2 protein chains.
Amino acid sequence: MKGKPGRALAVMSGREDSTSRSAVPLLDDEEGIGAAHAEDRRFVWALARGLEILRAFGPERTALSVGRLSAMTGMAKPTVSRLTHTLAALGYLRVVDKRGHYAPTPAVLTLGYPVLSALKVQDVATAPMRELAEATGCLVGLGARDRLSMVFAECTPPSWLVTLRLGTGSRVPMATSALGRAFLAGLGEAERDYLLGRLALRHGAEWEALGPRVADGIEQVRARGFCIVDGEWQRDVRTAACPLITADGVMGLMAGAPGYTITNEILENEVGPRLVELAAKLSPLIGS
Amino acid sequence: MKGKPGRALAVMSGREDSTSRSAVPLLDDEEGIGAAHAEDRRFVWALARGLEILRAFGPERTALSVGRLSAMTGMAKPTVSRLTHTLAALGYLRVVDKRGHYAPTPAVLTLGYPVLSALKVQDVATAPMRELAEATGCLVGLGARDRLSMVFAECTPPSWLVTLRLGTGSRVPMATSALGRAFLAGLGEAERDYLLGRLALRHGAEWEALGPRVADGIEQVRARGFCIVDGEWQRDVRTAACPLITADGVMGLMAGAPGYTITNEILENEVGPRLVELAAKLSPLIGS
DNA sequence: CATTTTTGTGTTGCCTAGCGAAACAGCCAT
DNA sequence: ATGGCTGTTTCGCTAGGCAACACAAAAATG
């Protein structure tokens, strides 16, 4: 690229061995918004940065300070300060203590409602998913892609299961989860190859071992309609998943449980087929 | 405490703006982001505008064009075009047809997860709420304030009820819903008076009749712990609600059903007390 | 069916608003 | 007080908002 230091977050920084600067501002397991839009004149950075602030929060990061946000996102502190100030003025963030820690408020939930409503999740999916969850003892989830993760649109844990903490809006990685592999299997070739390329880029060296396992999951779906992942995403969690093609695009349906409550055989012979059956039933109902 | 609102509306940036302006940019039943921050140098307008774009979508407006968004929000079309372009590049919006209609994607759900996680909704609230819902035949909801509405953090409809379409992230007006009135009753005096003032401003002439009914709801809560609203929010929907004080602030708990499935007596003698009981149980568990 | 009307999106010029580096102001702790 | 923190203010330079224009496609009209 060119030596213009101009904008483009700190992702492409690293010209000199800077002392105090955090090397890479990547959030959790996500890729930043980086340089992809560096020359896009229609791209408004202020909005992208503000949303990255909201994304920085998570289950174990419920309250963050300006400095912490600055380090996590790679933005300058004054910028973060202004963005948090704005988000607080709009009601999406609030100050939780005198040290200036910010936390998201329920107002952000309103942003998500239109999608849930458009997908008709509550209308058609929740009840049969819950039924399957209670019948099999698995947590049953419906998810779609977000960047290189899968995000749950609906999540129905069986009433007695408390160890798996997932819910609407939570994410699992695409490459190591059954849900992600099933989703990939449901895509057209072009889009799947594109995503596999990005995944390879993101996982770096470990892709050597991971890539074939992803390909195997896709092959499982092709062979019998669903795939199984045992302990790759989280230790001692076994999951089956199948793709779900809707009018609004490809999603995925998964069912999983801790290893000590379910065997791979049950997952394969009972849960998997019922999952495929449910996906077929939901397929024409979900989305517009 | 907040600063003085003290300004009506309009006036975005230019002060000599005498040209004909698009009338009023109000979204559905919300107040715009108007003037309160007109002179706040720390306020980032681009971010506020982008979030208003996301807010413009709703259950019956699942896909919107640039022109429509421009009319709804009062922003210029090129501005909206760039914001939608940005949101699409980030994955929060996608183009759904050749005419350039945009629709939100499941990616926006990730923004809401941190709050649900922080409130521990799934961990402690969902199960007992569902239990109450099945036992009483009411939809049971847990909500918090967003601007002048109440937004649901969790919503558990009984399995057989399909006419009430509410879910996580959906909103009901503060003044005409039992949930809103119960929330107001749970606040401290200063904040309650501030909100009542804004509500009076927003409802204009009809506040003459509405205000006393709101006050009556608050009085009901004071007397017996919950209040009842019959048909004011939606025709033929009866609802009881009570405040729920958590470590993260005041919320509200409500239970409601269509009029032909429940009587006011049952609501008053059975549902209301159980609601109060549940709120007391959840109070120490929800939030940090 | 071609043409005009309507509706709606994407580009320019100009000027305001916002980003970022460095300096400035609070807070605690020792 | 003196550092070592962290969050907020100047100020230059650049990105982005707004108005007007240009343009594409559906709808209306003969």
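All of these numbers come straight from a predicted model, not from anything done at the bench. Just so we're on the same page: letters track the sequence lines, and every chain starts at 1.
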Problem set entry | Whichever of A/R68 and A/A46 has its nearest DNA chain D nucleotide further upstream toward 5' |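 Nearest nucleotide further toward 5': that of A/R68.
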Can you identify which nucleotide, out of [options], has its nearest atom closest to the [X] side chain?
{"X": "B/W45", "options": "D/dT8, C/dG18, D/dA19", "result": "C/dG18"}
{"X": "B/R82", "options": "D/dC18, C/dA17, C/dA21", "result": "D/dC18"}
{"X": "B/V66", "options": "C/dA17, C/dC19, C/dG10", "result": "C/dG10"}
{"X": "B/R49", "options": "C/dG20, D/dG17, C/dG10", "result": "D/dG17"}
{"X": "A/L83", "options": "C/dC19, D/dG16, D/dG17", "result": "C/dC19"}
{"X": "A/S65", "options": "D/dG7, D/dG16, C/dC19", "result": "D/dG7"}

Gap between atoms [atom1] and [atom2], on [X] and [N] respectively (whole Å):
{"X": "A/F43", "N": "D/dG17", "atom1": "CZ", "atom2": "P", "result": "12 Å"}
{"X": "A/E52", "N": "C/dC19", "atom1": "CD", "atom2": "P", "result": "14 Å"}
{"X": "B/H101", "N": "C/dT7", "atom1": "NE2", "atom2": "P", "result": "14 Å"}
{"X": "B/L47", "N": "D/dA15", "atom1": "CG", "atom2": "P", "result": "19 Å"}
{"X": "B/R42", "N": "C/dC19", "atom1": "CZ", "atom2": "P", "result": "12 Å"}
{"X": "B/K77", "N": "D/dC21", "atom1": "NZ", "atom2": "P", "result": "13 Å"}
{"X": "B/L64", "N": "C/dT9", "atom1": "CG", "atom2": "C1'", "result": "15 Å"}

For this session: Show your reasoning for whether side chain to side chain contact (heavy atoms under 4.5 Å, CB included) applies to A/Y113 and B/F152.
Result: CA-CA 10 Å; A/Y113 184 57; B/F152 284 97; over 6 Å; no
Exercise. Does B/S81 put a side-chain nitrogen or oxygen below 4.0 Å from OP1 or OP2 of C/dG10?
Worked result: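 B/S81 to C/dG10 OP1/OP2: side-chain N or O found under 4.0 Å.
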Exercise. Looking only at side-chain N and O atoms, does A/T79 come under 4.0 Å of OP1 or OP2 in C/dG18?
Worked result: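 It does not, given that no N or O in the side chain of A/T79 lies less than 4.0 Å from OP1 or OP2 of C/dG18.
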Problem set entry | Side-chain ion pair, A/D248 and A/K120, N-O less than 4.0 Å |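 A/K120 and A/D248: not salt-bridged.
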Exercise. Does the pair A/R198/A/E191 count as a salt bridge with the N-to-O cut at 4.0 Å?
Worked result: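 No, A/R198 and A/E191 are not salt-bridged.
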For this session: Determine yes or no for a side-chain-to-main-chain donor-acceptor pair under 3.5 angstrom, with B/T105 supplying the side chain and B/G91 the backbone.
Result: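 Looks like yes, one N/O pair under 3.5 Å.
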Exercise. With a non-hydrogen cut-off below 4.0 angstrom, is A/G67 in contact with a base, only sugar-phosphate, or nothing?
Worked result: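 Sugar-phosphate: the residue A/G67, judged by heavy atoms under 4.0 Å, touches backbone atoms but no base.
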For this session: Start with the C-alpha gap between B/T86 and A/R42, add the side-chain angles, then the distance that decides, and say whether side-chain hydrogen bond (donor to acceptor under 3.5 Å, both in side chains) holds.
Result: CA-CA 7 Å; B/T86 303; A/R42 289 179 61 199; over 6 Å; no
For this session: Between B/Y102 and A/P78, just flag the one whose closest nucleotide in DNA chain C comes earlier from the 5' side.
Result: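 The residue whose closest nucleotide sits nearer the 5' end is B/Y102.
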